[in-house]
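Not measured: the values here are computed from a predicted model. Just so you know, residue 1 is the first one in the sequence shown, and it goes up from there.
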Amino acid sequence: MKRNIVIAVVTAAALVGGGTATALAVAGDDDDTTSVTRTDDDRDDRGEDRSDDRDDRGEDRSDDRDDRGEDRSDDRDGDDDDGAVRAAAGGVTAAEAITAALKHTPGTAVSAELDDGSWEVDVLAGGDTWHTVRIAPDSGKVLGAQKDDEDDAAEVRAALKGASVTAEDAAKAAAAKGTVVSVDLDDDGDGRGWEAETRASGGDERDWSVGLTTASVTADRDDD
């Protein structure tokens, strides 16, 4: 009889508390009765705690992966300058890239630049048509060519009027200062001429001006 009373009391308490309860009554006799009560709420709390812990650990691992990804991205960005030097050291100089581009697309070379692992040479062809020719820096082979829509052909031709130094000549002259990674025509203002950029193995960048008639190389005033 006492055992039945215990079970009834526990069941009533669980209903009043809004949860369910499990009662275990162990009796040696009618006078010694031990009751143990476990509620579902307790189990739910422990389950939620374990779930929260797993979520936290998952977020930490995700953050670690994101951080490692950003670090790798930073490393790649930091290698861009050295990559240009390594590409130039592949065997094909700026002057040689220009020669190869003009052999493929005759005209006047106006610029050459190492970009995305290849030389890109801009050529002004007949009829004021622009072409960009890509040259492999390790073999000198033409990787591709495309026609560009540019409208400054008249300005370029005016700037080069009377010039005896070509883009190829300018690249050769600037090579005495370091590894040439770009040559471009400056056709703006009175200081017209070729602009060349060189980089050292340590990543040091320098800009140079090359005369249109004398091929003399001087430090770019804007780079001082």
Kindly indicate whether the side chain of [X], heavy atoms from C-beta on, has any atom under 4.5 Å from the side chain of [Y].
X      : Y      : value
Trp130 : Asp149 : no
Asp207 : Glu195 : no
Val142 : Ile135 : yes

**OP:** Determine the minimum heavy-atom distance between Ala109 and Val121, stating which atoms define it.
**Re:**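 Shortest heavy-atom contact: CB-CG1, 4.3 Å.
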
**OP:** Might you point out which heavy atoms bring His131 and Lys147 nearest each other, and give the distance in Å?
**Re:**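 Between these two residues, the closest heavy atoms are ND1-CA, 4.0 Å.
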
**OP:** Using modelled atom types only, decide if a donor and an acceptor are shared between the side chain of Trp119 and the backbone of Val92 within a distance under 3.5 Å.
**Re:**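 Side chain of Trp119 to backbone of Val92, a donor-acceptor pair under 3.5 Å: yes, one is there.
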
**OP:** Run the salt-bridge test on Glu120 and Arg134 with the 4.0 Å N-O cut-off and return the result as yes or no.
**Re:**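 Salt bridge between Glu120 and Arg134, a charged N being under 4.0 Å from a carboxylate O: no.
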
Subject >> Where at least one partner belongs to residues 209-218, residue pairs that pass salt bridge (charged side-chain N to carboxylate O under 4.0 Å, His left out), sequence neighbours excluded >> reply: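 The answer is none; no pair qualifies.
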
**OP:** Any pair with a residue in residues 208-218 that passes salt bridge (charged side-chain N to carboxylate O under 4.0 Å, His left out), sequence neighbours left out, goes on the list, sorted by first then second residue, please.
**Re:**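 Of all non-adjacent pairs touching residues 208-218, none passes salt bridge (charged side-chain N to carboxylate O under 4.0 Å, His left out).
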
Pairs under 3.5 angstrom only: tabulate donor-acceptor contacts from the side chains of residues 154-176 to other protein residues two or more places apart or in another chain.
unit_1: Arg157; atom_1: NE; unit_2: Asp128; atom_2: OD1; d: 2.9
unit_1: Arg157; atom_1: NH2; unit_2: Ala125; atom_2: O; d: 3.2
unit_1: Arg157; atom_1: NH2; unit_2: Asp128; atom_2: OD1; d: 3.3
unit_1: Ser164; atom_1: OG; unit_2: Thr213; atom_2: O; d: 3.2
unit_1: Thr166; atom_1: OG1; unit_2: Glu168; atom_2: N; d: 3.4
unit_1: Thr166; atom_1: OG1; unit_2: Asp169; atom_2: N; d: 3.1
unit_1: Thr166; atom_1: OG1; unit_2: Asp169; atom_2: OD2; d: 3.1
unit_1: Glu168; atom_1: OE1; unit_2: Thr99; atom_2: OG1; d: 3.4
unit_1: Glu168; atom_1: OE2; unit_2: Thr99; atom_2: OG1; d: 2.8
unit_1: Asp169; atom_1: OD2; unit_2: Thr166; atom_2: N; d: 3.1

**OP:** Name all residues meeting the side-chain hydrogen bond (donor to acceptor under 3.5 Å, both in side chains) criterion together with Thr108; count only those two or more places apart in sequence or in a different chain, and write none if there are none.
**Re:**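 Scan of Thr108 (side-chain hydrogen bond (donor to acceptor under 3.5 Å, both in side chains), adjacent residues dropped) gives none.
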
Subject >> With Val110, the side chain to side chain contact (heavy atoms under 4.5 Å, CB included) member among Asp187, Leu185, Asp152 >> reply: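 Of the listed residues Asp187, Leu185, Asp152, the side chain to side chain contact (heavy atoms under 4.5 Å, CB included) partner of Val110 is Leu185.
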
**OP:** For the residue pair Thr198 and Trp208, confirm or rule out a side-chain donor-acceptor distance under 3.5 Å.
**Re:**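 On atom types as modelled, these side chains qualify, holding a pair under 3.5 Å.
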
Original post:
Partners of Lys141 by side-chain contact (heavy atoms from CB on, under 4.5 Å), sequence neighbours excluded?
Top reply: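 Only Ser139 meet the side-chain contact (heavy atoms from CB on, under 4.5 Å) criterion with Lys141.
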
**OP:** Identify, with sequence neighbours excluded, every residue that meets side-chain contact (heavy atoms from CB on, under 4.5 Å) alongside Asp204.
**Re:**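 In terms of side-chain contact (heavy atoms from CB on, under 4.5 Å), with neighbours along the sequence ignored, Asp204 is linked to Ala200, Arg206.
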
Original post:
Given the rule in the side-chain contact (heavy atoms from CB on, under 4.5 Å) test, do Asp186 and Arg192 qualify, once you have shown the distances and angles that lead to the verdict?
Top reply: CA-CA 5 Å; Asp186 181 6; Arg192 296 179 179 181; 5.9 Å; no

Subject >> Atom pair OG/CG of Ser111 and Asp122 - distance to nearest 0.5 Å >> reply: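 Going from OG on Ser111 over to CG on Asp122, the span is 3.5 Å.
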
**OP:** Using the side-chain hydrogen bond (donor to acceptor under 3.5 Å, both in side chains) rule, take Ser209 and Trp194 through it: C-alpha gap first, then chi angles, then the decisive distance, then the call.
**Re:** CA-CA 6 Å; Ser209 295; Trp194 294 106; over 6 Å; no

